[in-house]
Number of protein chains: 2
Amino acid sequence: MVDVRILLIEDDEKLAERTAEYLQSHKATVEIVPDGERGLERAASGEHELVLLDLMLPGIDGLELCRKLRQRSKVPVIILSARGDEVDRIVGLEVGADDYMPKPFSPRELLARIRAVLRRHSAAQGDDEDSVTTGPLEIDRARRTATIAGASCELTAYQFDLLWLLATQAERVLSRNQLHAQVRALRGEPAMDFDPTVDRSIDVHLSKIRQALDAASPGRGAAMIKTVRGVGYVLSPQG
Amino acid sequence: MVDVRILLIEDDEKLAERTAEYLQSHKATVEIVPDGERGLERAASGEHELVLLDLMLPGIDGLELCRKLRQRSKVPVIILSARGDEVDRIVGLEVGADDYMPKPFSPRELLARIRAVLRRHSAAQGDDEDSVTTGPLEIDRARRTATIAGASCELTAYQFDLLWLLATQAERVLSRNQLHAQVRALRGEPAMDFDPTVDRSIDVHLSKIRQALDAASPGRGAAMIKTVRGVGYVLSPQG
DNA sequence: ATCCGCCTTTACGGGGCCTTCACGCCCCAG
DNA sequence: CTGGGGCGTGAAGGCCCCGTAAAGGCGGAT
């Protein structure tokens, strides 16, 4: 297991710390968030490859969080819960969790579950749709072609990956950080720090994409990608 | 996934209902049969594209049912079983099942497996072809000959395998990693690590193939194989 | 043992494109 | 109105991706 980015949503600080340390010693990157609100936000960011979710959280119900998360992201989730009964387990799986881990657990056991979930998930990877259509824009992942209003659009590798991410998550505002992390994840590259106030490469790429779209379909093209000032970018069909 | 007809053979009414609802919400048509006798009959009817089979059925052993079904139909089968041990899985796959899903499972994961099985199945459909024609290029797998615009083309073993893979997946961009893995699979060799930034053999072979194609049909030949910078190669009929 | 193909590796050159820098614009706060 | 931060985008530099010739290595055939 190398360079897996894990989000741990857990309010018990000591437990979280211990767990994180163990996982880090096995070459994982762990981010700890102690509350549900921000947990959901971080989990949906697309910057992690796995979410460990404690059910007993202050403020928000873990199951509800999981259901909401599932509407916004496909990231695998393992639920951690002190209530180890079967009912909880079934309910957990029903709201979209991928596995269920009763507390207390040994770190080793958790690691085994994590590996199993990641393996299953990557095995099922290939069946995501390999094309998306949003408004006049069609993107084919297998052929790596993008057409807008029927006109084909020349894109470089990085530009294509970015447009793919925006299109598969249309109507959703993505920060530069998210875009950067997701492109790296898409390519199977390890995560990297990224400071959007210094590194403007995402902006430049998006500028180029807009130019390419506009060249293929003057007027319509560039307008599809909107800038959300202070936040990031969003692809919106109706321009 | 659109309009997949699924047969669910399951006697636990509540579980069957829940599962069916989830699948229907993802655009599948689900027929539920709670007993083995009629299950086998319906499964062999050819009216479904996939069968989900619970092993613990009243009356008939699920494994036996699967074996009998396999004699009468090629419909893909996913076995559902409460006994999640490895032995059961092996036996299940041995009697002709396409995948094995231990209970309890998350509906989401089941859906992923269904998609994977369907994809494998449809991919395997067109695989028995012994020859492929894309544009001016004709490749005969049995005789191991390639002709372009009627002119025969001298290729070594590795070059032929590569061209075959590109031709059977024309218009699809394949990474060096994929090409390497698929050639090995084609020859029944075990998978191997492959770092395309270091190992340039794929590039060299493709260079040779282009030369061979161009020698056979100057102008047309080499242009058929396009390089997608930063990604891989794609064979495209119209050059 | 020697030769001969063929696959792999190495090396080098060319060029595409990712990044960075810079400048100017726009938006908003004060 | 004015200042500052966020953003668009042209230009430049350099990294690294790729094509291809050539050498090395390995097995099979004679």
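Lettering of chains follows the sequences in order, A, B, ..., and the numbering in each one begins at 1. The structure displayed is predicted, hence computed values, not measured ones.
In this structure, the nucleotide among C:dC17, D:dA21, D:dT9 sitting nearest to the side chain of A:V204 is D:dT9. Distance from the side chain of B:A157 is smallest to C:dC7 among C:dT9, C:dC26, C:dC7. Checked against D:dG19, C:dC18, D:dG10, the side chain of A:H205 finds its nearest nucleotide in C:dC18. Here D:dT20 is the nucleotide among C:dT20, D:dT20, C:dC18 with the atom lying nearest to any side-chain atom of B:S207.
OP1 or OP2 of C:dC7 lies within a sub-4.0 Å distance of a side-chain N or O belonging to B:T156. Contact check, B:R176 against D:dC18: a side-chain N or O comes under 4.0 Å of OP1 or OP2. A close approach under 4.0 Å does not occur between any side-chain nitrogen or oxygen of A:T227 and OP1 or OP2 of D:dG6. When the side-chain nitrogen and oxygen atoms of A:Q211 are compared with OP1 and OP2 of D:dG10, one or more of them lie within a distance under 4.0 Å.
Atom CZ of A:R187 and atom P of D:dC16 are 13 Å apart (whole Å). At whole-Å resolution of the value, CG in A:L206 and P in D:dG10 are 14 Å apart. Rounded to whole Å, the distance from OH on A:Y233 to P on D:dC7 is 6 Å. Summarising the geometry, the separation between CG on A:L179 and P on D:dC7 is reported as 12 Å, rounded to the nearest angstrom. The CG atom of A:D199 sits 15 Å away from the P atom of D:dG8 (whole-angstrom rounding). Straight-line distance from the CG atom of B:L162 to the P atom of C:dC6: 15 Å, rounded to whole Å. To the nearest angstrom, P of C:dG16 lies 14 Å from NZ of A:K208. The nearest whole Å value for the distance from the CD1 atom in B:I202 to the C1' atom in D:dC17 is 16 Å.
Taking only distance into account, the side chain of B:R210 never meets the base of D:dG19 through a donor-acceptor pair shorter than 3.5 Å.
With 3.5 Å as the limit, one finds a donor-acceptor pair spanning the side chains of A:S201 and A:D199.
B:Y22 and B:H26 have tilted rings, their planes meeting at an angle from 30° to 60° on a 0 to 90° scale.
Electrostatic pairing of A:R141 and A:D161 does not count as a salt bridge here, judged by no charged N lying under 4.0 Å from a carboxylate O.
Using a 4.0 Å heavy-atom criterion, one finds that B:S201 contacts the bases of the nucleic acid, with or without backbone contacts as well.
Toward the 5′ end of DNA chain C lies the nearest nucleotide of A:L155, the other residue of the pair A:L155 and A:R200 mapping further downstream. A residue-by-residue look at A:R229 and A:D203 shows that A:R229 has its nearest nucleotide of DNA chain D further toward the 5' end.
The backbone N or O of B:P190 sits less than 3.5 Å from a side-chain atom of B:R184, completing a donor-acceptor pair. Although no hydrogens or angles enter the test, the distance criterion places a donor-acceptor pair under 3.5 Å between the side chain of B:R70 and the main chain of B:G96.
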